[in-house]
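To keep things clear, I will list the structure first and then write my remarks on it.
Values in this document were obtained by computation on a predicted structure and should not be read as measured data.
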Amino acid sequence: MTTTATASRTAGHPLMADELTPDRFAGAGHLIVSRRGRLQGPIDDALAELGLQRRVVGSVGSYPASLFVVHETT
């Protein structure tokens, strides 16, 4: 089974200033796209294998909606 993840960020986002490591990725605020309102997914499973947990700050029901949220935040 293959899982594909998509990430979006605003131009100049601080997370992209240096190398993106699992620690830095997990430490950032995350917006999840889930039609069912779930706050965890395959990325969380992969991070858990590394002993990490990400900080989910919100969930939206569609990818287009997520772009509006990401556009207005850092």
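Transitive grouping of hydrophobic side chains (ILVMFWY, heavy atoms separated by less than 4.5 Å) keeps Val33 and Val56 in distinct clusters. Cluster annotation: Leu20 is connected to Leu50 through the hydrophobic network of ILVMFWY side chains, with a link wherever side-chain heavy atoms come within less than 4.5 Å. No single ILVMFWY cluster, assembled from side-chain heavy atoms under 4.5 Å apart, contains both Leu67 and Tyr63.
By the neighbour-count criterion of 12 heavy atoms within 6.0 Å, atom CZ of Arg38 is sparsely surrounded, having that number or fewer from other residues, nucleotides or ligands.
Minimum heavy-atom separation, Gly29 to Val57: CA-CG1, 4.0 Å. In plain terms, the two heavy atoms of Gly37 and Ser34 that are nearest each other are N-OG, 3.1 Å.
To the nearest 0.5 Å, the span separating CD1 on Ile32 from CD1 on Ile43 amounts to 8.0 Å. Distance check, rounded to the nearest 0.5 Å: CD of Gln53 to CD of Gln40 gives 7.0 Å.
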Under the side-chain contact (heavy atoms from CB on, under 4.5 Å) rule, what do Phe25 and Leu47 come out as? Steps first, then yes or no, please.
CA-CA 9 Å; Phe25 178 81; Leu47 289 171; 4.1 Å; yes
